[in-house]
Structure formats: structure tokens, C-alpha cells
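The analysis underlying the following values was restricted to heavy atoms, covering all of them including side chains, and did not include hydrogens, waters or symmetry mates.
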Amino acid sequence: MLISAHASLPAADIGRARKFYADQLGLEIVDEREDGIRFAVGDTTFLVYESSFAGTNEATAAAIIVDDVRAEVARLREAGVEILEYDMPDFRTEDGIIEMPDGPGAFIKDSEGNIIAIGEYSME
């Protein structure tokens with residue numbers, strides 16, 4: 001029986017990643033261990049681990065679900081996080097927000113170059 005799943009994100013500099021996720025995103029550190037740092041988002045966790053391959057994936061690596069994308073984008077901008085802009089035929093943001101079938105979303109890159117989606121949609 002499958003129980004659950006969580007994301008694991010690479011970091012070239014684990015200290016820099018710790019500051020980004022804890023200080024800029026405001027996430028709780030669950031534990032720091034030999035294989036990396038686990039952060040909590042709601043009732044889930046994800047691991048940030050040291051790797052020389054950080055930032056090499058050009059696709060979305062993880063998603064964080066929020067109750068108000070626009071408010072979260074404003075908060076992230078105030079914290080110094082760059083909101084990505086896209087202008088492709090079927091994928092276009094306006095002031096950092098994209099309207100998707102499941103609700104509005106936005107995208108950021110973490111301190112290590114990983115692309116993180118921020119959305120109001122359900123992952124169910």
C-alpha cells in the first residue's frame with residue numbers, strides 16, 4: 001500500500017537554500033539531518049539536499065498550494081523573491097499570475113535554480 005509522497009529538491013549550497021526556504025518563504029524546518037533539511041508546508045514535508053545537479057531541471061520541480069495566490073505573490077515579492085514571467089502561446093503570465101483551469105498560479109525559482117509552482121488549485 002502506498003502511504004504518501006514528498007518532493008526532494010537539490011541544492012548546490014545547503015546553507016543558502018536553508019535561508020531561502022526558512023527566511024524568504026517562511027517555512028518551518030522540521031529537522032536538519034545528514035541527508036538534508038526537511039521543511040513543512042501544511043501537513044506535508046519536503047527535503048532539500050546537497051547536490052551538484054541543483055538548478056539543472058528546466059521544468060517545475062515542486063508545487064506549494066496556498067489559499068490566495070495574489071496575496072502570496074505580493075508577500076514573496078516583499079521578501080525579495082522574484083516571480084517568474086512567461087510569454088508563450090499557451091502559457092502566459094500577467095504580473096506574475098497565470099490563470100489555469102484549476103485556478104490561478106505563479107512560479108518562482110528557489111535560491112538553487114529549482115522552479116517552484118505556487119497555486120490555489122488542489123493536487124487531488
Q: Name all residues meeting the side chain to side chain donor-acceptor pair (under 3.5 Å) criterion together with E85; count only those two or more places apart in sequence or in a different chain, and write none if there are none.
A: T93
Q) So do L76 and Q24 actually touch side chain to side chain, heavy atoms under 4.5 Å? A) no
Q | I116 vs F107 side-chain heavy atoms within contact, under 4.5 Å | A | no
Q | E120 side-chain N/O to P104 backbone N/O, donor-acceptor pair under 3.5 Å | A | no
Q: First locate atom CG of N114, then atom NZ of K109, and finally report the distance between them rounded to the nearest 0.5 Å.
A: 9.5 Å
In residues 64-71, what donor-acceptor pairs under 3.5 Å come from side-chain atoms, sequence neighbours left out?
{"residue": "D68", "atom": "OD1", "partner": "R70", "partner atom": "N", "Å": "3.2"}
{"residue": "D68", "atom": "OD1", "partner": "A71", "partner atom": "N", "Å": "3.0"}
{"residue": "R70", "atom": "NH2", "partner": "E99", "partner atom": "OE2", "Å": "2.5"}

Q: Answer yes or no: is there a side-chain heavy-atom contact under 4.5 Å between F46 and V41?
A: yes
Q.
When you compare the side chain of F39 with that of T45, does any pair of heavy atoms fall below 4.5 Å?
A. no
Going by atom type alone, with no hydrogens or angles, which donor-acceptor pairs under 3.5 Å involve a side-chain atom of residues 47-59 and a protein atom two or more places apart or on another chain?
{"residue": "S51", "atom": "OG", "partner": "F53", "partner atom": "N", "Å": "3.0"}
{"residue": "T56", "atom": "OG1", "partner": "F53", "partner atom": "O", "Å": "2.7"}
{"residue": "N57", "atom": "OD1", "partner": "A59", "partner atom": "N", "Å": "2.8"}

Q) Between CG of L84 and CD1 of I118, what distance do you get to the nearest 0.5 Å? A) 10.0 Å
Q | Salt-bridge present (E78, R75; N to O < 4.0 Å) | A | no
**Q.** Partners passing side chain to side chain donor-acceptor pair (under 3.5 Å) against D43 (at least two apart in sequence or in another chain)
**A.** none
Q. Side-chain heavy atoms under 4.5 angstrom apart, residues restricted to Ile, Leu, Val, Met, Phe, Trp, Tyr: same cluster for V30 and I37?
A. no
Q. Which atom names give the shortest non-hydrogen contact between I97 and A106, and what distance separates them?
A. CD1-CB, 4.4 Å
Q.
Can you list everything that forms a side chain to side chain donor-acceptor pair (under 3.5 Å) with E28? Sequence neighbours excluded, please.
A. none
For residues 5-21, run the donor-acceptor check on the side chains, cut-off 3.5 Å, and write out each pair with its distance to 0.1 Å, sequence neighbours left out.
{"residue": "D13", "atom": "OD1", "partner": "G15", "partner atom": "N", "Å": "3.1"}
{"residue": "D13", "atom": "OD1", "partner": "R16", "partner atom": "N", "Å": "2.9"}
{"residue": "R16", "atom": "NE", "partner": "E112", "partner atom": "OE2", "Å": "2.7"}
{"residue": "R16", "atom": "NH2", "partner": "E112", "partner atom": "OE1", "Å": "2.8"}
{"residue": "R16", "atom": "NH2", "partner": "E112", "partner atom": "OE2", "Å": "3.4"}
{"residue": "R18", "atom": "NE", "partner": "E32", "partner atom": "OE1", "Å": "3.3"}
{"residue": "R18", "atom": "NE", "partner": "E32", "partner atom": "OE2", "Å": "3.1"}
{"residue": "R18", "atom": "NH2", "partner": "E32", "partner atom": "OE2", "Å": "2.9"}
{"residue": "Y21", "atom": "OH", "partner": "D110", "partner atom": "OD2", "Å": "2.6"}

**Q.** Verdict with reasoning, I115 to I108, per side chain to side chain contact (heavy atoms under 4.5 Å, CB included)
**A.** CA-CA 6 Å; I115 298 171; I108 63 172; over 6 Å; no
